[in-house]
Amino acid sequence: MRLSSFFLPTSRDDPAEAQIVSHRLMLRAGMIRQASAGIYSWLPLGFRALRNVERIVREEQDRAGCQEMLMPTIQSADLWRESGRYEGYGKEMLRIEDRHGRDMLYGPTNEEQITEIFRHYIKSYRELPKLLYHIQWKFRDEVRPRFGVMRGREFLMKDSYSFDLDYEGARRSYNKMFVAYLRTFARLGLRAIPMQADTGPIGGDLSHEFIILAGTGESEVFCHRALVEQDVLGDDVDYEADLAPEVARWTGHYAATDEKFDEAEAAALGDDLVRARGIEVGHIFYFGTKYSKAMNAAVRGPNDEEIFLEMGSYGIGVSRLVGAIVEASHDADGIVWPEAVAPFRVGLINLKAGDGDCDNACEEIYRTLERAGCATLVDDRALRAGAKFADMDLIGLPWQVIVGPRGIAGGSVELKRRDGGAREELSLESALARLTASPGAGGSATS
Ligand code: 5CA
């Protein structure tokens, strides 16, 4: 992509409305534009990052055996009357009346919708278990939308739903999602810690929030130091194996959000207690037969008996994650994208656009990188070098290749790593070889 034609409205000024750094940087880097309170348009740079986050979330759900589908944003109020949540959900629910006077709503979550689909088709215990998910926009009329996409009113969520015959099966599904979440956040370059959590309007008696530690997090959290340090399982997780020991490795240590804070347990940790602020990027729930009983979703068992489905639901804040990643990964000059989610992998700076040698070298580097699947943004604008450097640092692509007349006369370019700022003067060939050797997980040229 050439910056001369790319839609990238960066800004030098700090927006007055932004209270935290990720909100400020996302606005300044031209990633998002507020449409109304808590509702945002995603501009091309932001949308590329959002898509990369979404892709990793999807890959890890698929790997865990969860099947993707898509449910609508607008739901019928009747479904929510069946579950008993229509009144209780209160002012957070955006209620709409259609032209025929029917009550509709913009979905804040989809337990009712998926239960209705499931009960219609699935009649026998033989068809269980099933894990389904979708990635869809939600609306919650939050009292205080704030921090940009972190607490929006309209936001993108991945929500999964599990259906099992009994408690043991439901626990297996819960454990699959638990491990898939650890892997998802690790691939996004984040350390998310599972913590005991309140179930709120979703309900149920078993629930974990996945929290990343960040000074600007909305909740206060407490956990054992070991959880901040231990490794996440690698690529080769066997989701059919017993995952209980892996889950126990995480739940065996104390970790709780402020709602579940227990003075005595925390005190017992002594020096191992980490007390911090956190951002909730995922939340998983086991709620048994809460919805299946209310909505009459049952299957026939081996002896033709009626068995109500054991269910759980599992959410990831996809759009919130983009803000959370920026919150966790930035410096004084701007965003520092982890490779996996970077909107482009390389920023190529032509210091003298219009100079034949610089233009030719940039063209060659650009073509070679794109051919190798390495998404590249070329700054071919006729601006002074300082402005180009500032913009490139602000948007935070992992690598910068700087092409200037003096270097190119001797066949060399400068390679800068955004994270840490290390610079190296290399021959054109070595720079290309370096960048194409491991084209990173994200930001592929064709995405
Ligand atoms: N149905 C369940 C799980 S599928 C559910 O809705 N869970 S939730 O309420 O905890 O939301 C799931 C995730 O969505 C949260 O962990 C959070 O990361 C994200 N989320 C929730 N509210 C917002 C919001 N207002 N803005 C941005 N992300 C949000």
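Counting starts at 1 for both ligands and their atoms, in listed order. We use all heavy atoms of the structure for the numbers below, so side chains are in, but hydrogens, waters and symmetry mates are not. Along the sequence shown, the residues carry numbers beginning at 1.
The part of F285 lying near ligand 1 is the side chain, judged by heavy-atom distances below 4.0 Å. Of the heavy atoms in V149, only backbone atoms (N, CA, C, O) come closer than 4.0 Å to ligand 1. Under 4.0 Å from ligand 1, not a single heavy atom of K138 appears.
Closest to atom 19 (C) of ligand 1 among all protein heavy atoms lies G317 CA, 3.6 Å. In terms of protein heavy-atom proximity, atom 5 (C) of ligand 1 is nearest to I202 CD1, 3.7 Å. Among all non-hydrogen protein atoms, the one lying nearest atom 6 (O) of ligand 1 is R140 NH2, 2.8 Å. In this structure, the protein non-hydrogen atom closest to atom 26 (N) of ligand 1 is G152 N, 3.0 Å. Looking at atom 17 (C) of ligand 1, its nearest protein heavy atom turns out to be R320 NH1, 3.5 Å. Counting protein heavy atoms only, atom 15 (C) of ligand 1 is closest to E280 OE2, 3.0 Å. Closest to atom 20 (N) of ligand 1 among all protein heavy atoms lies F155 CE1, 3.5 Å.
Each of R151, K91, R153 was evaluated against E142; a single residue qualifies, R151, per the side chain to side chain donor-acceptor pair (under 3.5 Å) test.
Between F185 and F210, the two ring planes are tilted [angle within 30° to 60°]. Ring planes of W42 and W137: tilted class, angle from 30 to 60°. The aromatic rings of F139 and Y106 sit tilted relative to each other, their planes meeting at an angle between 30° and 60°.
Ligand 1 has no atom lying under 4.0 Å from any heavy atom of S319. At least one heavy atom of M150 sits less than 4.0 Å from an atom of ligand 1.
Side chains of T184 and E60: no donor on one and acceptor on the other come within 3.5 Å.
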